[in-house]
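All of these numbers come straight from a predicted model, not from anything done at the bench. Values below: all heavy atoms of this structure, side chains included; hydrogens, waters and symmetry mates excluded.
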Amino acid sequence: MNSKRFSPPSCTIKSRFTRRFLRAFLKINRQRTRTPSSPMEICQRYLKVKLAADVSMASAVGSRRAWSRAMLAKIRHGVRAGSASSLTMRKRKIYHGKKSTKEVGIVGNAKMLRKLVPGGEAMNTCSLLDETFHYIKCLSTQVKVMTRIADQICST
């Protein structure tokens, strides 16, 4: 039996996301002004980082998944060349009231998932569940990587 430890391939989604996000993050950081930022500049910077994270994750996954194709298409058509003026903060309205009997169960849950998963509107229930599972795994990876980056930045 070989005593060498198994090393994961260097082309995992996590490593591709990390490389792409760090490149984008460094570019955003270089554009930052040295003076104290106004609330508007902070908001624009937040949106740039969020966009970089979304693009990096969808690009790392590639065209294998419907949610990544939908996210990249939405970004391509919604944001022109990363201009800060075209970035707007959107809030999702979440309904916390009583649900009607029509929306209870699988149909109601699938309806909610379709709104949350990029490209979910065009999927059947089985595909939606598969894409949701993969999307959640990728979001979890994104959070772990970004947390590690933030920890490294804060510790220096």
Side-chain angles (χ1 to χ4, degrees), residues 6-29 31-32 42-155:
F6 174 77
S7 61
S10 61
C11 59
T12 63
I13 291 173
K14 184 177 180 178
S15 62
R16 287 193 304 261
F17 166 72
T18 304
R19 278 193 310 273
R20 290 166 194 221
F21 179 70
L22 281 175
R23 252 188 263 131
F25 186 69
L26 290 173
K27 185 177 177 182
I28 293 167
N29 220 19
Q31 296 170 350
R32 189 172 82 175
I42 292 170
C43 181
Q44 287 177 341
R45 185 178 163 100
Y46 160 79
L47 292 171
K48 286 181 182 180
V49 171
K50 183 181 181 326
L51 180 66
D54 288 346
V55 169
S56 299
M57 183 54 73
S59 298
V61 171
S63 62
R64 293 182 302 250
R65 291 292 181 167
W67 69 262
S68 63
R69 290 190 304 269
M71 183 179 282
L72 288 172
K74 185 177 179 181
I75 290 167
R76 248 182 259 123
H77 297 299
V79 179
R80 303 278 183 229
S83 65
S85 62
S86 64
L87 296 174
T88 58
M89 202 174 262
R90 294 181 302 258
K91 293 182 182 177
R92 288 205 172 136
K93 189 175 183 180
I94 299 174
Y95 181 72
H96 292 290
K98 291 182 180 178
K99 295 179 182 175
S100 69
T101 55
K102 292 179 191 174
E103 291 188 347
V104 175
I106 294 174
V107 175
N109 291 334
K111 207 180 225 184
M112 288 173 39
L113 279 178
R114 281 188 173 83
K115 292 178 184 178
L116 296 173
V117 177
E121 302 84 17
M123 294 179 208
N124 64 32
T125 305
C126 185
S127 298
L128 178 65
L129 292 173
D130 183 49
E131 290 291 323
T132 302
F133 173 73
H134 191 267
Y135 185 56
I136 290 171
K137 277 182 21 182
C138 288
L139 288 175
S140 176
T141 299
Q142 188 180 52
V143 168
K144 288 176 188 173
V145 169
M146 292 175 78
T147 301
R148 290 187 88 178
I149 291 169
D151 289 345
Q152 289 294 319
I153 289 172
C154 290
S155 67

Non-hydrogen side-chain atoms of [X] and [Y] separated by less than 4.5 Å:
X    : Y    : answer
L139 : M57  : no
M146 : F17  : yes
V61  : H134 : yes

- Tell me, with the steps shown, if V117 and I136 meet side chain to side chain contact (heavy atoms under 4.5 Å, CB included). CA-CA 9 Å; V117 177; I136 290 171; over 6 Å; no
- Query: salt bridge (Lys or Arg N to Asp or Glu O under 4.0 Å) with R45: which residues, sequence neighbours excluded?
  - Reply: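 Here no residue qualifies.
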Grab the two heavy atoms, one from [X] and one from [Y], that are nearest each other, plus how far apart they are.
X    : Y    : result
R114 : G120 : CG-O, 3.1 Å
V49  : F21  : O-CE1, 3.9 Å
V55  : I75  : CG2-CD1, 3.5 Å
A52  : S56  : O-OG, 2.6 Å
L128 : A110 : CD2-O, 3.5 Å
W67  : A58  : CZ3-CA, 4.3 Å

Just verifying a value: how many Å separate [X] [atom1] and [Y] [atom2], rounded to the nearest 0.5 Å?
X    : Y    : atom1 : atom2 : result
T132 : M123 : OG1   : CE    : 7.0 Å
R148 : K14  : CZ    : NZ    : 6.0 Å
S59  : D54  : OG    : CG    : 10.0 Å
F133 : K137 : CZ    : NZ    : 4.5 Å

- Query: Among T147, V143, I149, which one satisfies side chain to side chain contact (heavy atoms under 4.5 Å, CB included) with V145?
  - Reply: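 With V145 as partner, T147, V143, I149 yield a single side chain to side chain contact (heavy atoms under 4.5 Å, CB included), made by I149.
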- Say whether, by atom type as modelled, one donor and one acceptor occur between the side chain of S15 and the main chain of T12 under 3.5 angstrom.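 Answer holds: yes.
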- Task: Please report the C-alpha distance between Q31 and K48 in whole Å, then the side-chain angles of each, then the deciding distance to 0.1 Å, and finally whether the side chain to side chain contact (heavy atoms under 4.5 Å, CB included) criterion is met.
- Result: CA-CA 11 Å; Q31 296 170 350; K48 286 181 182 180; 3.6 Å; yes
- Query: How would you list all residue pairs meeting salt bridge (charged side-chain N to carboxylate O under 4.0 Å, His left out) that involve residues 59-69, not counting sequence neighbours?
  - Reply: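 Every pair satisfying salt bridge (charged side-chain N to carboxylate O under 4.0 Å, His left out) with a residue in residues 59-69: R65-D130, R65-E131.
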